[in-house]
Amino acid sequence: MMNELSGPAEVVAPRLLGALFVRELDGQRVVARIVETEAYNQTDAASHSYRGRTPRTDVMFGPSGHLYVYFTYGMHYCMNVVCGPEGYGAAVLIRALEPVEGVELMSARRGERTDVGVTNGPAKACQALGIDRAMNGHDLTQLPLQLLLNPPLPPDQIVQTTRIGITRAADQPWRFYITDNPYVSRV
DNA sequence: CTCTGGATTGAC
DNA sequence: TCAATCCAGAGG
């Protein structure tokens with residue numbers, strides 16, 4: 001079912017573009033589309049899994065299709081979809097979403113922002129969907145957070161470029177986003 | 001135990 | 001351009 005997620009991160013990352021997150025939040029249904037991702041494999045010096053399995057990265061080494069959530073800069077959460085075979089630490093960072101349903105709730109969680117700033121960044125996306133450490137390890141086939149894949153996007157709909165905010169392996173083109181999508185974090 | 005530097009964001 | 005604010009991971 002979610003076997004498509006058991007491959008290398010740089011293959012799964014573009015595959016996740018266009019996929020939907022269905023979130024049950026405060027008794028309401030919120031839906032958002034993935035528009036930007038980044039791949040992180042175990043062999044990648046920029047990946048949290050690079051130095052082996054640790055308490056924090058444990059989920060990255062587990063089965064694909066689960067959510068890896070980490071806390072950073074003392075105030076932000078970022079979420080990843082775990083991929084790769086079990087025992088191999090790989091995941092795809094969700095960098096930006098496009099609201100599809102329940103925009104009001106996402107906006108409320110984001111301090112009533114109504115522009116693209118509601119979900120155009122990894123920590124913003126988590127805040128909009130109410131994702132924190134409690135969701136770490138969550139099975140994405142289940143509510144309250146479900147991942148629904150869509151057919152792969154045609155190549156001309158995908159832009160591949162270098163990742164953002166990293167210092168190691170900064171030249172690797174492992175960032176992917178939907179062409180011309182306004183919710184992409186940065187062009 | 002101490003120290004360093006973030007897969008960021010929003011304000012200045 | 002820079003501070004906020006916590007903690008994982010490395011080294012002693």
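Naming convention: chains lettered A, B, ... in sequence-line order (proteins, then strands); numbering from 1 in each chain.
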- [ ] Go through the N and O atoms of the side chain of Tyr70(A) and the base of dA8(C), and report whether any donor-acceptor pair is under 3.5 Å.
- [x] no

Find the distance [X]:[atom1] to [N]:[atom2] and express it as a whole number of Å.
{"X": "Arg56(A)", "N": "dA7(B)", "atom1": "CZ", "atom2": "P", "answer": "7 Å"}
{"X": "Glu38(A)", "N": "dA7(B)", "atom1": "CD", "atom2": "P", "answer": "11 Å"}
{"X": "Phe71(A)", "N": "dA4(C)", "atom1": "CZ", "atom2": "C1'", "answer": "11 Å"}
{"X": "His76(A)", "N": "dA8(C)", "atom1": "NE2", "atom2": "C1'", "answer": "17 Å"}
{"X": "Asn136(A)", "N": "dC7(C)", "atom1": "CG", "atom2": "P", "answer": "14 Å"}
{"X": "Met79(A)", "N": "dA7(B)", "atom1": "CE", "atom2": "C1'", "answer": "13 Å"}
{"X": "Met75(A)", "N": "dT8(B)", "atom1": "CE", "atom2": "P", "answer": "13 Å"}
{"X": "Leu93(A)", "N": "dA7(B)", "atom1": "CG", "atom2": "P", "answer": "10 Å"}

Open item on the list: It should be established whether Thr72(A) places a side-chain nitrogen or oxygen under 4.0 Å from OP1 or OP2 of nucleotide dA7(B).
Closed with: no

Just by modelled atom types, is the [Y] backbone N or O under 3.5 Å from a matching donor or acceptor in the [X] side chain?
{"X": "Arg15(A)", "Y": "Leu153(A)", "result": "no"}
{"X": "Arg110(A)", "Y": "Gly117(A)", "result": "yes"}
{"X": "Glu38(A)", "Y": "Arg95(A)", "result": "no"}
{"X": "Glu24(A)", "Y": "Pro144(A)", "result": "no"}

Side chain of [X] only, please: which of [options] is the nearest?
{"X": "Tyr73(A)", "options": "dA10(C), dG6(B), dT9(B)", "answer": "dG6(B)"}
{"X": "Arg113(A)", "options": "dG9(C), dT8(B), dG10(B)", "answer": "dG10(B)"}
{"X": "Arg51(A)", "options": "dG9(C), dG10(B), dA7(B)", "answer": "dG9(C)"}
{"X": "Lys124(A)", "options": "dA4(C), dT9(B), dA7(B)", "answer": "dT9(B)"}
{"X": "Ala123(A)", "options": "dG10(B), dT9(B), dG9(C)", "answer": "dT9(B)"}
{"X": "His48(A)", "options": "dG9(C), dA7(B), dC6(C)", "answer": "dA7(B)"}

Task: For DNA chain C, the residues among residues 166-187 of chain A that have a non-hydrogen atom under 4.0 Å from it - done: none

Task: Pairs flagged by ring pair (Phe, Tyr, Trp, His ring centres under 6.0 Å) wherever residues 76-133 of chain A is involved - sequence neighbours left out - done: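 The answer is Phe71(A)-Tyr77(A).
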
Open item on the list: Check for me whether Arg163(A) meets the cation-pi criterion with Tyr40(A), that is, NZ or CZ under 6.0 Å from the six-membered ring centre and within 45 degrees of the ring axis.
Closed with: yes

TODO: Report which part of the nucleic acid Arg163(A) touches: base, sugar-phosphate, or nothing (heavy-atom distance under 4.0 Å, all strands).
DONE: nothing

Task: Nearest-angstrom distance, C1' atom, dC2(C) to dG5(B) - done: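 It works out to 16 Å between them.
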
Task: Any side-chain donor near an acceptor of the partner, Gln172(A) and Asp44(A), under 3.5 Å - done: no

Task: Asn41(A) and Thr43(A) side chains, donor-acceptor separation under 3.5 Å - done: no

Open item on the list: If a pair means Watson-Crick or G-U wobble with both distances below 3.5 Å, what does DNA chain C look like in dot-bracket form, with | marking bases paired to a different strand?
Closed with: ||||.||||||.

Open item on the list: Working to the nearest 0.5 angstrom, can you tell me the gap between Arg33(A) CZ and Glu36(A) CD?
Closed with: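 One gets 13.0 Å once the value is rounded to the nearest 0.5 Å.
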
Open item on the list: Tell me which one of Thr37(A), Ile166(A), Thr161(A) satisfies side chain to side chain contact (heavy atoms under 4.5 Å, CB included) with Arg175(A).
Closed with: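 Filter result, single survivor: Thr161(A).
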
